[in-house]
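For reference, the structure discussed in these notes is given below.
We use all heavy atoms of the structure for the numbers below, so side chains are in, but hydrogens, waters and symmetry mates are not. Numbered from 1 within each chain, the chains take letters A, B, ... in sequence-line order.
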2 protein chains.
Amino acid sequence: MNPKTNGYDSGVTRTESGARRTYNQYCGLASALDVLGERWTLLIIRELLMGPRRYSSLLADLPGVGTNLLAERLKSMTERGLVRQVQSDSGARMSYALTEVGQELRPMVLGLAKWGMEFVGPYSPGEVVRPHWGFLAVEAMFQPDKVPDRDEQYQFEVDDQVFHVDVRDGRAHAMKGPADAPAMIATVDAATFIEIGTGRKTPLAAMVTGKLKLDGDIEAVLRCCDLIGLETGALRSHATAG
Amino acid sequence: MNPKTNGYDSGVTRTESGARRTYNQYCGLASALDVLGERWTLLIIRELLMGPRRYSSLLADLPGVGTNLLAERLKSMTERGLVRQVQSDSGARMSYALTEVGQELRPMVLGLAKWGMEFVGPYSPGEVVRPHWGFLAVEAMFQPDKVPDRDEQYQFEVDDQVFHVDVRDGRAHAMKGPADAPAMIATVDAATFIEIGTGRKTPLAAMVTGKLKLDGDIEAVLRCCDLIGLETGALRSHATAG
DNA sequence: CTGCATCCGCCTCGATACTG
DNA sequence: CAGTATCGAGGCGGATGCAG
């Protein structure tokens, strides 16, 4: 509409001390991306969504980040109120935790994680996998309209990490740690777990190759698969056949 | 062997033709960010969420992007199946439109836009504003539990753009173009509209300074404000007083 | 050892010029 | 109008330094 003389400054805003690249747009999404859009930021938030983490722990689970960049991102996120430093439970060392504002990103992060499942290819050695990412994957895959009627728990043991899904009053929640009385226990390695989540591998196929072990009531297994949107046709017929 | 080039770089995957920086993580979010995380990509999707757009139109509404980068992003998004080229309604020229996969990003984009509202400061001349961003702002601000009982329409005229909210059967939808029978018409400039959305300015304050004009039933205005989460206390008392 | 800060090479980005 | 080509600047990644 206007010619190019509408007085903007080329999309880059610069200050004396910290040069920071902003979109310079008066818009909620642009402002959100000014905060979150730089490299690694949302992955750091993904890590912190599962609880407070130490600097070195973040560094270990985000290979390639570079220590200076991680420190700079954490500082920036702290200044903007997404992250705060908290006392680590064991000792006087500090951990980083999400603030309320940071926690508000959970639904969007989960939505992006689910959306991105479609772009996850077959697992290739050399790619980084962490078992606790399966926790978020399960949370992202919840089908709100498929929550079982009965209250029960499903436990997942992914590599060395244990978490469970708690179904209660028609709602499902993902929780860290073991369940009190799991109706089903799935034991699996992290890569296979993600691979099943993407739909590239069915639970049955993973069981056949020995990558996945399922203990407990077969009906509970099927309800759990329905809850997280996994295909159960082959598994169902296999169960009745076996 | 050169010690700097031994092995492979973690975090960077390189192919012969197009070098592309990926997180190299077997995770849905990381894959999503490999697709969406580069600069300008999500802002291009924001533009396309409101309908097909021409190349030059995108360029005009994304100042600072640089033509090469816009072309490269559109090509990449087309290859990945987020975007496709469609026939423009007027003439044989091509426009860019979101595919089904691209449309699936709407809730996450709206969520981020709403979240980012908190980081939008007061409007400073020099920042870019576009009236159609108000369309997305309204969509992002919908309070699903505050949809009015009665079916009605609210029309918004932001600079030269007209859109409306259609309330029907307990659901609200944002639509392009004028309403059939609007119960309320708001006329406002784009900057003020976003400023109200962020909560930095109340509708009443904007009316007093002449930036916002509200026509129609005062009760409809109040219902509309409730629907999009705007503070109505002062407006309500002002209406009864006047 | 943890939690950063500094330095350096490279790749992405942004602006301009240019072409069909 | 719809891009492609080019080039300088700076963000990013990796290695290293250093204080507590």
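- The side chain of B:Arg39 lies closest to C:dG14, out of D:dC1, C:dG14, C:dC4.
- Between B:Ile44 atom CD1 and D:dG3 atom P there is a gap of 12 Å when expressed in whole angstrom units.
- The phosphate of C:dG14 (OP1 or OP2) has no side-chain N or O of A:Tyr23 nearer than 4.0 angstrom.
- The shortest distance between the side-chain N/O atoms of B:Trp40 and the OP1/OP2 oxygens of C:dT12 is not below 4.0 Å.
- Spacing between atom NZ of A:Lys75 and atom C1' of C:dT6 amounts to 13 Å, rounded to whole angstrom units.
- Residue contacts shown for A:Thr67 include a base, since a base heavy atom lies under 4.0 Å away.
- Note: CG (B:Leu70) to P (D:dG3) measures 8 Å, nearest angstrom.
- Between the P atom of D:dC7 and the CG atom of B:Leu69 lies a distance of 18 Å, rounded to the nearest Å.
- Between the C1' atom of C:dC4 and the CG atom of A:Leu59 lies a distance of 10 Å, rounded to the nearest Å.
- Both tests pass for A:Arg39 against the ring of B:Tyr23: distance under 6.0 Å to the centre and angle within 45° of the axis.
- Between the CD atom of B:Glu72 and the C1' atom of D:dA5 there is a distance of 14 Å, given to the nearest Å.
- To the nearest angstrom, P of D:dA2 lies 4 Å from CZ of B:Arg54.
- Between the CG atom of B:Leu62 and the P atom of C:dC13 there is a distance of 14 Å, given to the nearest Å.
- Between B:Phe193 and B:Phe156, the distance from one ring center to the other falls under 6.0 angstrom.
- Contact annotation: A:Tyr55 does not reach the phosphate of C:dC1 (side-chain N/O to OP1 or OP2, under 4.0 Å).
- Considering B:Val162, B:Val188, B:Asp160, B:Ile194 in turn, B:Asp160 is the only one that fulfils the side chain to side chain contact (heavy atoms under 4.5 Å, CB included) rule with B:Pro131.
- Taking only side-chain atoms of B:Arg93, from C-beta outward, the nucleotide of D:dG3, D:dC12, D:dC1 with the closest atom is D:dC1.
- Looking only at atom types and distance, the side chain of B:Asn24 has no donor-acceptor partner in the side chain of A:Glu127 under 3.5 Å away.
- Regarding contacts with the backbone of C:dC11, every side-chain N or O of B:Arg21 stays at 4.0 angstrom or more from both OP1 and OP2.
- Residue-to-nucleotide contacts include a donor-acceptor pair under 3.5 Å from the side chain of A:Asn68 to the base of D:dG14.
- Between B:Thr187 and B:Leu212 there is no side-chain heavy-atom pair separated by less than 4.5 Å.
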